[in-house]
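In what follows, chains carry the letters A, B, and so on, assigned in the order in which the sequence lines appear, proteins first and then strands, with residues in each chain numbered from 1.
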Amino acid sequence: MLDSSEVTVTADGRRIGGVLMDIRNITLRFGGVVAIRDTSFDIREGEIRAIIGPNGAGKSSMLNVISGFYHPQEGEIWFRGEKRPPMKPYQVARQGIARTFQNIALFEGMSVLDNIMTGRLTHMKTGLAAQAIWWGRAEAEEVANREVVERVIDFLEIQHIRKTPVGRLPYGLKKRVELARALAAEPKLLLLDEPMAGMNVEEKEDMSRFILDVNDEFGTTIALIEHDMGVVMDLSDRVVVMDYGKKIGDGTPDEVRNNQDVIDAYLGVAHD
Amino acid sequence: MARDAGAADALISIPALLARNARQYATRTAYREKEFGIWQSWTWLEASEEIRALAMGFLALGMERGDHVAIIGRNRPALYWSMVAAQSVGAIPVPLYQDAVAEEMAYVLEHCGARYVVAGDQEQVDKVLEVQDRLPNLEHMMYLDPRGLRKYDHTRLHALKDVAAEGRVAHERFEKILAERIAAIGYDDTCVMLYTSGTTGRPKGVVLSNRNIIESSRASCEFDKLTCEEEVLAYLPMAWVGDFIFSVGQAYWAGFCVNCPESPETMMNDLKEIGPTYFFAPPRVFETMLTNVMIRMEDAARLKKRLFDYFMDHARKVGPAILDGRPVGGWDRLKYWLGEFLIYGPLKNNLGLSRIRVAYTAGEAIGPEIFQFFRGLGINLKQLYGQTEASVFITVQPDSEVRADTVGVPAPGVEIRIDEKGEVYYRSPGVFVEYYKNPESTAKTKDAEGWVATGDAGFIEPETGHLRIIDRAKDVGRMADGSLFAPKYVENKLKFYPNILEAVVFGAGRDYCTAFINIDLTAVGNWAERNNIAYASYQELAQHPKVYEMIREHVEEVNRSLAQDEMLSGCQIHRFLVLHKELDADDGELTRTRKVRRGVIAEKYADLVEALYSGAESVYTETEVTYEDGRKGVIKATVKIMDAPVVEPRPKMAAE
């Protein structure tokens with residue numbers, strides 16, 4: 001199951017490695033409501049994995065399970081070959097999993113730069129006191145972290161808003177800043193919750209470009225939830241389709257597109 | 001090396017100037033670029049090392065004398081180095097407009113037969129790859145920013161830094177050849193080839209020799225006393241002759257520092273951090289600065305706003321006089337000094353103009369109030385009149401003779417002549433060699449004695465000797481009743497209003513004049529916000545009745561001022577419409593330097609022009625637009641047409 005020897009090369013020359021994260025038989029309940037029902041899939045190293053499905057299918061819940069925000073009643077998550085014990089979100093972040101949110105969660109009053117710097121938090125080792133008085137290793141550490149952040153800023157082409165408070169930015173740019181913060185953590189697995197929601201065509205194109213570039217340049221594994229089918233089919237290597245908390249399809253975009261269950265879920269048929 | 005002995009009197013090429021600078025100004029900063037949030041810098045010695053490494057890398061790729069090397073990208077030190085490196089091996093750099101679409105690029109690349117292309121990033125590489133089938137001469141492409149290019153086929157594609165590294169490794173093999181190549185460059189060899197943006201027809205390749213560039217740079221550096229202390233910000237397109245003269249010619253002649261912004265969007269901020277001493281900007285940039293200041297002042301606290309208004313009035317009144325060294329009363333001086341402390345100083349600092357010694361504007365007429373605003377602040381903003389064919393300089397304004405309505409006296413070494421039809425001709429050491437592969441156009445523009453037709457109509461003011469430009473010579477026409485029609489003159493008057501971005505006036509051979517107006521989305525959008533006018537799109541805002549009302553007032557004022565002028569009173573605008581889309585270079589409506597292409601517009605919007613003369617109240621139209629990625633779409637709109645009040649021409653006032 002976890003053989004990392006298996007390496008495939010995509011048509012456009014990217015290397016996709018072994019299984020990075022394996023999600024096994026997850027069931028998540030809120031009281032009597034079953035949000036996710038016995039769902040399993042894996043995410044392989046270096047791929048772009050999409051999770052799609054109609055509203056309320058359990059996509060965001062799944063992402064929250066992966067990021068440690070929700071704790072499933074049943075099932076296990078294996079990350080880099082090890083079974084993950086129940087974890088708090090910050091512990092998950094330390095493992096190298098970063099995410100963005102469906103409703104942007106940035107510090108509105110802080111500058112773009114400071115917001116992105118918070119993404120480096122998991123990499124900071126000096127204590128609060130040392131950082132406050134800017135002493136000893138704290139300074140060197142800040143410089144090193146700033147360098148990483150500046151590379152991200154350059155990568156996402158947001159130099160012009162470096163010092164702008166996030167609250168003053170338009171929606172599309174805020175989304176990009178959020179992506180920047182996640183990238184600053186130098187994650188092994190990047191979770192994107194509807195990165196294109198509410199964007200116009202041009203912004204979507206930009207964002208798609210950035211997602212592909214991130215995957216390509218840094219080899220970051222990406223799991224994303226998205227509603228725009230065109231975007232999903234173009235971007236992702238493999239797609240998981242969920243409906244009513246269940247996985248109903250899994251495969252390449254083409255396979256998924258021709259899957260009868262998926263077609264039914266999207267076009268709507270009477271459920272018995 | 002071999003040339004060092006005689007180098008002092010042999011500054012006959014850019015590489016020769018580089019060698020001198022590397023000796024004389026070895027430790028002075030030559031280039032700066034902001035990257036990753038920090039200004040990186042290179043001294044003349046370091047820059048010269050980089051350029052030599054690149055040149056030897058070019059030799060390793062087989063670059064020959066006379067090869068054309070296209071340079072496409074935004075202003076970055078490495079691209080400037082590529083130009084000089086190409087010159088060092090005897091090749092000819094051809095900078096291209098980076099925002100040109102693939103089709104336009106294909107024409108230029110094909111026409112000059114470029115064997116090499118140096119591209120800034122993936123976007124530019126993609127554009128060239130898209131049209132490479134039509135470019136049989138193209139052999140190698142190099143790129144600066146590797147992002148996104150890792151997976152491309154690298155058989156003919158190289159990272160610029162790899163080329164330089166190869167040059168460094170192979171220096172033993174190439175040093176001698178490079179020295180020979182540099183030594184072989186003659187004063188009359190081609191220095192650079194620049195394609196004119198072409199207000200009419202296809203772009204033409206203007207061949208400029210080392211003599212053209214170096215003589216013009218020397219004369220202009222002396223005229224403005226430019227030294228190695230200057231700082232300039234290189235942000236205007238590299239394909240434009242002005243950038244080549246300022247950022248290469250003058251920079252190498254005087255040995256001053258060229259600063260490259262981090263990205264086009266950060267230009268204003270970088271300007272502030274660098275605080276250039278020598279600055280060039282088209283009127284549009286000054287206009288945008290002024291508009292932004294005014295918009296922000298609208299939102300300022302009442303006291304600040306009143307202080308600003310009070311002192312700016314004072315600055316307009318006495319600022320220019322103080323700058324020109326004319327006598328000003330003691331009380332006014334004191335007030336100006338206080339204003340400098342409270343308003344002007346902080347404002348200039350905010351705009352990044354605190355250290356300006358000389359600032360130029362050219363390319364289009366600048367609105368008198370914009371001009372007065374900056375001069376009033378104590379910024380030595382001057383006008384010059386130039387052309388690619390003249391290596392920029394035709395006329396310039398000397399320090400104490402600056403006016404908004406003239407373009408100055410002939411630049412050092414330039415002779416000017418006005419022919420009987422009013423067209424301006426000039427002759428100078430900067431006059432171009434020829435249009436590349438286009439002897440017909442060369443012959444049409446430049447006569448046997450070296451006089452070049454500017455294509456502009458103008459006259460020399462007898463009292464001052466200053467040149468005044470009225471309009472493009474071919475645009476100056478007659479109306480049906482025989483009165484003079486000078487569209488650009490009227491358009492400029494309209495464009496001086498911050499709300500009007502662009503205007504196109506029609507009327508040649510007609511009974512009366514009409515106009516297309518393009519609103520300025522920043523200014524009008526802000527005005528709409530303050531007046532609670534809701535709009536969802538440019539189109540909707542443009543067609544808003546209140547916007548029409550506002551534009552009508554502007555047109556009326558312009559008509560009133562035109563009525564004062566005997567010669568041009570016939571050019572008053574009788575009817576106008578506000579265009580439903582912004583005129584755009586991508587649609588071929590403007591040139592890449594944003595000059596209106598009258599013919600294209602008249603043809604493309606023939607239905608609208610027809611409606612302006614038919615008396616219709618509104619007209620339905622469909623317009624094809626080109627998106628940035630080259631796709632096409634259609635905008636549909638019903639455009640309203642409005643009548644504007646016309647003023648009876650009055651005899652000119654006796655007193656002036």
Side-chain angles (χ1 to χ4, degrees), chain A residues 9-16 46 111-114 116-117 120 142-164 168-170 172-173 176-177 180 183-184 200-206 208-220 234, chain B residues 33-40 74-76 120-123 125-126 143-154 157 159 235 260-273 288 292 295-296 299 350 352 521-522 525 529 536-538 586 625-633:
Chain A
V9 178
T10 59
D12 56 353
R14 287 177 306 122
R15 292 169 61 84
I16 293 182
S111 72
V112 167
L113 182 64
D114 289 340
I116 303 173
M117 279 299 267
R120 296 296 297 166
E142 169 115 356
V143 169
N145 285 323
R146 173 72 187 267
E147 195 179 324
V148 175
V149 167
E150 283 296 339
R151 283 182 193 280
V152 172
I153 289 177
D154 184 71
F155 188 84
L156 294 179
E157 294 164 12
I158 45 177
Q159 299 99 331
H160 59 295
I161 50 166
R162 198 183 272 129
K163 302 273 168 74
T164 314
R168 290 227 312 257
L169 296 178
L173 274 179
R176 215 191 288 179
V177 174
L183 277 183
N200 63 30
V201 177
E202 202 179 326
E203 288 168 331
K204 275 183 188 171
E205 279 177 3
D206 282 348
S208 305
R209 190 72 249 155
F210 286 125
I211 291 173
L212 286 171
D213 281 351
V214 166
N215 177 252
D216 191 28
E217 290 285 302
F218 308 130
T220 311
D234 282 351
Chain B
E33 183 185 30
K34 198 174 183 187
E35 250 217 319
F36 302 126
I38 296 173
W39 287 97
Q40 324 273 342
R74 67 180 174 86
N75 317 63
R76 299 194 62 181
D121 55 17
Q122 187 188 12
E123 185 187 344
V125 171
D126 282 346
Y143 58 82
L144 181 55
D145 183 357
R147 176 166 170 194
L149 288 164
R150 214 156 40 84
K151 291 178 319 220
Y152 283 50
D153 174 12
H154 273 64
L157 186 67
Y235 69 99
C260 297
E262 187 168 22
S263 76
E265 293 81 32
T266 59
M267 185 275 198
M268 283 301 176
N269 194 37
D270 296 332
L271 183 70
K272 191 170 150 187
E273 289 177 0
T288 315
N292 287 341
I295 288 173
R296 276 159 64 182
D299 296 333
N350 208 298
L521 190 59
T522 324
E529 217 168 276
S537 65
Y538 180 89
D586 286 345
V625 291
T626 313
Y627 297 114
E628 265 180 28
D629 59 3
R631 281 180 303 164
K632 293 192 188 294

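Of the inter-residue distances, the one linking B:Glu35 atom CD with A:Glu150 atom CD reads 10.5 Å to the nearest 0.5 angstrom. We find the CD1-CZ distance between B:Ile38 and A:Arg146 to be 7.0 Å, quoted to the nearest 0.5 Å. Between the OG1 atom in A:Thr164 and the CG atom in B:Asn269 there is a gap of 8.5 Å [rounded to 0.5 Å]. The CD1 atom of A:Ile158 sits 11.0 Å away from atom OG of B:Ser263, with the distance rounded to the nearest 0.5 Å. Rounding to the nearest 0.5 angstrom, the gap separating the NE2 atom in A:His160 from the CD atom in B:Glu262 is 10.5 Å.
Residue B:Gln40 places its CD atom among more than 12 non-hydrogen atoms of other residues, nucleotides or ligands, all under 6.0 Å distant. Around CZ of B:Arg150, the count of heavy atoms belonging to other residues, nucleotides or ligands within 6.0 Å exceeds 12.
The backbone N or O of A:Phe155 sits less than 3.5 Å from a side-chain atom of B:Arg147, completing a donor-acceptor pair.
Looking at A:Asp154, both its backbone and its side chain come within 4.5 Å of chain B, counting heavy atoms on both sides. Neither the backbone nor the side chain of A:Glu147 comes within less than 4.5 Å of any heavy atom of chain B.
Closest approach of B:Phe36 to A:Arg162, counting heavy atoms only: C-NH2, 4.2 Å.
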